[in-house]
Amino acid sequence: MTGALLNQPRKFWMRWRVRLGYPVAVIYWVLASPTHHWIAMGAALAGFGLIIRGIAAGYLRKDRELATTGPYARTRNPLYLGSAFLAAGFAVASHSWWAGGLVMIYFAVFYYAVMRNEEADLHVRFGAVFDNYAQRVPLFLPSFLGAGYAPASNSGPEQQFSWTQYRRNREYRALIGTIGALAFVWLRMWIRRRCGI
């Protein structure tokens with residue numbers, strides 16, 4: 001019963017994140033006025049986000065164990081931190097306050113809600129272990145004070161980065177999607193220069 005109740009808000013935010021994502025992308029594309037310079041700057045930011053996400057994905061064993069090492073020792077949501085840099089990269093690449101603001105508002109509203117819903121699920125699944133972790137590691141912005149979170153010595157072998165986990169989590173799709181999206185931003189620049197619209 002508890003699991004069913006937790007799934008309701010998650011389904012709502014996940015469903016609307018996807019449904020609104022498409023019109024947001026179209027409006028962003030129409031409002032964008034990118035140039036080579038701004039696309040390059042945005043791509044650099046997005047690349048940094050992909051690196052963060054890639055490292056995090058290599059530590060994440062979904063539905064099997066609580067990730068607390070690697071980037072998870074500094075922030076509870078390194079994947080979404082990487083996504084924030086991706087969003088910021090596309091905001092910069094657009095060279096438009098309207099397009100960039102739209103992307104950042106969309107990210108802030110939906111991803112904060114999704115993070116909170118996932119936290120509730122982790123609390124149910126891992127109980128006091130997650131609560132202790134959550135008290136010591138920030139939700140989103142990483143903490144670089146001290147050595148970071150260290151799991152209890154009796155919690156099993158320390159998690160290490162794994163390329164197998166990276167592939168299992170299909171994080172390579174974020175790289176492919178980013179390259180494709182940047183190509184559409186470049187197309188928008190080409191159309192603006194060629195047709196003036």
Side-chain angles (χ1 to χ4, degrees), residues 13-14 16-60 67 70-115 118 138-144 148 161-197:
W13 289 107
M14 293 297 288
W16 283 101
R17 182 177 68 169
V18 173
R19 285 181 181 175
L20 285 178
Y22 294 114
V24 164
V26 170
I27 295 168
Y28 163 88
W29 193 82
V30 170
L31 294 174
S33 56
T35 65
H36 285 108
H37 172 76
W38 290 102
I39 291 174
M41 288 181 62
L45 261 179
F48 185 62
L50 286 171
I51 291 170
I52 295 172
R53 284 188 57 91
I55 293 170
Y59 280 88
L60 180 63
Y72 291 91
R74 303 289 180 177
T75 168
R76 303 198 306 267
N77 287 281
L79 280 170
Y80 294 141
L81 178 64
S83 294
F85 277 98
L86 280 170
F90 281 97
V92 168
S94 73
H95 191 218
S96 161
W97 285 106
W98 290 107
L102 179 66
V103 169
M104 298 313 294
I105 290 170
Y106 170 82
F107 179 87
V109 169
F110 282 94
Y111 280 83
Y112 179 77
V114 169
M115 280 189 284
E118 289 181 356
L139 173 69
F140 183 67
L141 294 176
S143 171
F144 295 104
F161 176 85
S162 165
W163 283 109
T164 301
Q165 280 305 127
Y166 174 90
R167 291 189 296 272
R168 188 172 290 155
N169 289 323
R170 300 177 181 175
E171 188 56 30
Y172 54 83
R173 294 191 302 186
L175 172 61
I176 295 168
T178 300
I179 292 170
L182 284 171
F184 273 101
V185 175
W186 184 89
L187 177 64
R188 183 71 183 116
M189 178 190 69
W190 184 84
I191 290 173
R192 273 192 175 273
R193 288 190 170 187
R194 211 73 192 274
C195 307
I197 57 171

**Message:** One pair to check against side chain to side chain contact (heavy atoms under 4.5 Å, CB included): M189 and W186. What are the steps and the verdict?
**Reply:** CA-CA 5 Å; M189 178 190 69; W186 184 89; 3.3 Å; yes
**Prompt:** Taking side chain as C-beta onward, heavy atoms only, is V103 less than 4.5 Å from S94?
**Reply:**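 The answer is no, as the side chains (C-beta and beyond) never meet within the 4.5 Å cut-off.
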Nearest atoms (heavy-atom pairs only) where [X] meets [Y]:
{"X": "R76", "Y": "L139", "result": "NH1-N, 3.3 Å"}
{"X": "F161", "Y": "I55", "result": "CD1-O, 3.5 Å"}
{"X": "P71", "Y": "P78", "result": "CB-CB, 3.8 Å"}
{"X": "E118", "Y": "Y80", "result": "OE2-OH, 2.7 Å"}
{"X": "G82", "Y": "R53", "result": "CA-CG, 3.7 Å"}
{"X": "T178", "Y": "L50", "result": "OG1-CD2, 3.7 Å"}

So, taking the atom named [atom1] in [X] and the one named [atom2] in [Y], what distance separates them when rounded to the nearest 0.5 Å?
{"X": "Y172", "Y": "R167", "atom1": "OH", "atom2": "CZ", "value": "9.5 Å"}
{"X": "T35", "Y": "M41", "atom1": "OG1", "atom2": "CE", "value": "9.5 Å"}
{"X": "L81", "Y": "Y111", "atom1": "CG", "atom2": "OH", "value": "13.0 Å"}

**Request:** Look at the aromatic rings of F110 and Y106 and report parallel, tilted or perpendicular, splitting at 30° and 60°.
**Result:** tilted
**Message:** With a 6.0 Å cut-off (strictly less than), is the heavy-atom count around CZ of R194, excluding the residue itself, greater than 12?
**Reply:**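 Atom CZ in R194 is not crowded, with 12 or fewer foreign heavy atoms closer than 6.0 Å.
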Table please: side-chain donor-acceptor pairs of residues 27-34 below 3.5 Å, with sequence neighbours left out.
from : atom 1 : to   : atom 2 : distance (Å)
Y28  : OH     : F90  : O      : 2.6
W29  : NE1    : F184 : O      : 2.8
S33  : OG     : H95  : O      : 3.0

For the backbone of [Y] and the side chain of [X], can you confirm whether one donor and one acceptor N or O come within less than 3.5 Å of each other?
{"X": "Q165", "Y": "L60", "value": "yes"}
{"X": "N77", "Y": "F140", "value": "no"}
{"X": "T75", "Y": "L141", "value": "no"}

**Sequence-distant partners of L45, side-chain contact (heavy atoms from CB on, under 4.5 Å), two or more places apart** = F85, A88, V92
**R188: salt bridge (Lys or Arg N to Asp or Glu O under 4.0 Å) partners, not counting sequence neighbours** =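 Partners of R188 under the salt bridge (Lys or Arg N to Asp or Glu O under 4.0 Å) test: none.
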